[in-house]
Amino acid sequence: MRGVILAAGQGQRLRPDTDRLPKTLLPVTGTETILDTIVRGLAEVGVTDLAITVGHAAEKIREHAPELESRYGVAVTIVDNDKPHWNNAYSLWTARERYAGGAILVNGDTVHPASIERRLLAAAEDDPRLLLALDDHKQLTDEAMKVAIGEHGVELIHKQQPIAAAAGEYIGVSLIPAGIAEELTKALEATFTRDSTLYYEDAFQLLAEAGRIGTVSTGPVAWTEVDDHADWAVARDIAKAL
């Protein structure tokens, strides 16, 4: 099982701090960045073969990779996204060779405890579907990546759906089993070919319609996606307890 971390985006709502820095490298403690917390969490559950997709300010992540390897005992492969102005459906597709044998996928702007990965790995032993880490405890907002669940698993994953119909929020961490990797690659290619501004969750939706996606509850844990400066402040508080 490998780890794939998407870190090619610019993070425009965090400018000017991200003018020359990927938002995944924003510091959240005195010694760790957002990316550090992700890598540390993956290493804690035994996932040490990692791929990081890079685009905006890619050289900064390249410079930091040796420190990640020495600090957390991981091996890092850098995957270049040659179209960082496209959305992350394309970014994940660029890592298709790295998730082909199965991988935990983590958005590079998500601060969360390693218990999330641990729950995904445990659930995957009995469930062959692509599994989403689902926060089914917190109050949902319009901005949340909401997930609706039906008889055969995930039916809809999209921000633009009624809060009342959703079971929870996808937190940006998932497990891609080897048996679904090829289907995912085709779905991603179909998605960004149709519209380069689409998210990888739009490709997930294609798999959901085929009954290929399930969910795993995060439990009542603290986590955040870092989109703006208010989120960054929350991330710093969460990181103290990781």
Side-chain angles (χ1 to χ4, degrees), residues 2-28 32-42 47 49-69 71-72 74-100 103-112 143 145 159 170-174 176 181 184-205 224-229 231-232 235:
R2 286 173 167 161
V4 173
I5 304 168
L6 300 185
Q10 182 175 4
Q12 293 192 19
R13 282 186 278 176
L14 284 151
R15 297 181 65 186
D17 296 282
T18 54
D19 282 347
R20 295 178 177 82
L21 191 73
K23 68 175 172 177
T24 196
L25 290 184
L26 292 173
V28 288
E32 290 190 316
T33 66
I34 296 171
L35 182 58
D36 281 84
T37 68
I38 294 169
V39 171
R40 174 160 57 88
L42 288 166
V47 178
D49 183 358
L50 309 181
I52 304 174
T53 68
V54 298
H56 170 66
E59 70 282 358
K60 298 296 185 181
I61 295 178
R62 280 194 169 84
E63 292 169 2
H64 192 54
E67 183 174 345
L68 294 173
E69 291 180 322
R71 180 181 288 186
Y72 305 108
V74 299
V76 173
T77 298
I78 299 297
V79 178
D80 286 291
N81 176 350
D82 61 328
K83 296 179 174 64
H85 54 289
W86 286 18
N87 217 325
N88 65 12
Y90 181 77
S91 192
L92 179 54
W93 180 83
T94 65
R96 60 197 179 279
E97 294 181 1
R98 305 305 299 176
Y99 66 68
I104 290 180
L105 168 66
V106 185
N107 291 351
D109 60 357
T110 302
V111 176
H112 63 283
E143 183 68 15
M145 184 60 73
K159 291 182 179 182
Y170 170 54
I171 77 163
V173 186
S174 56
I176 304 167
L184 174 60
T185 297
K186 292 177 180 178
L188 289 165
E189 187 166 11
T191 298
F192 68 71
T193 299
R194 183 171 81 252
D195 185 345
S196 64
T197 69
L198 292 176
Y199 296 90
Y200 72 75
E201 288 91 348
D202 293 294
F204 280 7
Q205 178 60 34
T224 192
E225 178 184 31
V226 181
D227 283 330
D228 54 33
H229 286 87
D231 295 337
W232 186 13

Novice: Could you pull out the closest heavy-atom pair between Ile34 and Gly108, with the gap in Å?
Specialist: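 For Ile34 versus Gly108, the nearest heavy atoms are CG2-O, 3.4 Å.
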Novice: Going from NE2 on His56 to OG1 on Thr24, what distance comes out if it is rounded to the nearest 0.5 angstrom?
Specialist: 11.5 Å
Novice: Under a 4.5 Å cut-off applied to non-hydrogen side-chain atoms, are Glu189 and Lys186 in contact?
Specialist: no
Novice: Mind checking the NE2-CD1 spacing from His64 to Ile78? Nearest 0.5 Å is all I need.
Specialist: 10.5 Å
Novice: Using every non-hydrogen atom in the two residues, find where Ala51 and Val79 come nearest and quote the distance to one decimal.
Specialist: CB-CG2, 4.1 Å
Novice: Does the pair Leu35 and Ile52 meet the rule for a side-chain contact (heavy atoms from CB on, under 4.5 Å), with working shown?
Specialist: CA-CA 10 Å; Leu35 182 58; Ile52 304 174; 4.1 Å; yes
Novice: If you measure from CD1 on Ile104 to CD1 on Ile38, what distance do you get to the nearest 0.5 Å?
Specialist: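 Atom-to-atom, Ile104:CD1 and Ile38:CD1 are 12.0 Å apart.
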Novice: side-chain contact (heavy atoms from CB on, under 4.5 Å) for Val173 and Val106? Distances and angles first, verdict last.
Specialist: CA-CA 5 Å; Val173 186; Val106 185; 4.1 Å; yes
Novice: When rounded to the nearest 0.5 angstrom, what distance separates OG1 in Thr94 from CZ in Arg98?
Specialist: 11.5 Å
Novice: In the structure I gave you, are the side-chain heavy atoms of Glu32 and Arg71 within less than 4.5 Å of one another anywhere?
Specialist: yes
Novice: Side-chain contact test, heavy atoms from C-beta onward, threshold under 4.5 Å: evaluate it for Tyr99 versus Thr185 and give yes or no.
Specialist: yes
Novice: What's the shortest heavy-atom distance between Glu69 and Val76, and which atoms?
Specialist: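 In terms of heavy atoms, the two residues are closest at OE2-N, 2.9 Å.
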Novice: Given Lys23, which of Asp109, Thr33, Thr18 fulfils the side chain to side chain donor-acceptor pair (under 3.5 Å) condition?
Specialist: Asp109
Novice: State, to 0.1 Å, how close Val39 and Tyr72 come at their nearest heavy-atom pair, and which atoms those are.
Specialist: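 Nearest heavy atoms, Val39 then Tyr72: CG1-CD1, 3.7 Å.
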Novice: Mind checking what makes ring-ring contact (aromatic ring centres under 6.0 Å, His included) contact with Tyr170, not counting sequence neighbours?
Specialist: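 Listed in chain order: nothing, the list is empty.
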Novice: Stepwise, does the side-chain contact (heavy atoms from CB on, under 4.5 Å) test hold for Leu68 with Leu50?
Specialist: CA-CA 10 Å; Leu68 294 173; Leu50 309 181; over 6 Å; no
Novice: About how many Å separate CG of Asp231 and OG1 of Thr224, when rounded to the nearest 0.5 Å?
Specialist: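 Going from OG1 on Thr224 over to CG on Asp231, the span is 4.5 Å.
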Novice: Identify the heavy atoms of Gly3 and Val47 that sit nearest to each other, and give their distance.
Specialist: N-CG1, 3.4 Å
Novice: Could you label the plane-to-plane angle of the His229 and Trp232 rings as parallel, tilted or perpendicular, counting under 30° as parallel and over 60° as perpendicular?
Specialist: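 Tilted, since the angle between the ring planes falls between 30° and 60°.
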Novice: Parallel, tilted or perpendicular: which one describes the rings of Phe192 and Trp86, with boundaries at 30° and 60°?
Specialist: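 Rings of Phe192 and Trp86: tilted, as their planes differ by 30° to 60°.
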Novice: Would you call Glu59 and Val54 a side-chain contact if the rule is heavy atoms closer than 4.5 Å?
Specialist: no
Novice: Quick one: pull up CZ in Phe204 and CG in Leu188 and give me the separation to the nearest 0.5 Å.
Specialist: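 So the CZ of Phe204 and the CG of Leu188 are separated by 7.5 Å.
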Novice: Quick one: does any side-chain atom of Asn87 pair with a main-chain N or O of Tyr199 as donor and acceptor, under 3.5 Å?
Specialist: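 It does not hold such a pair.
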Novice: Measure the shortest side-chain to side-chain distance between Val226 and Val28 over non-hydrogen atoms and say whether it is less than 4.5 angstrom.
Specialist: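 Result no, sub-4.5 Å side-chain heavy-atom pair not found.
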Novice: Do Thr53 and Ser91 get their side chains close enough for a donor-acceptor pair, meaning under 3.5 Å?
Specialist: yes
Novice: Go through Leu105 and Leu6 one step at a time and tell me if the side-chain contact (heavy atoms from CB on, under 4.5 Å) criterion holds.
Specialist: CA-CA 8 Å; Leu105 168 66; Leu6 300 185; 3.8 Å; yes
Novice: Where is the tightest heavy-atom contact between Ala8 and Pro84, given as atom of each residue plus distance?
Specialist: O-CB, 4.0 Å
Novice: Scan residues 77-88 for pairs that pass salt bridge (Lys or Arg N to Asp or Glu O under 4.0 Å), counting only residues two or more places apart or in two chains.
Specialist: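 The answer is Arg62-Asp80.
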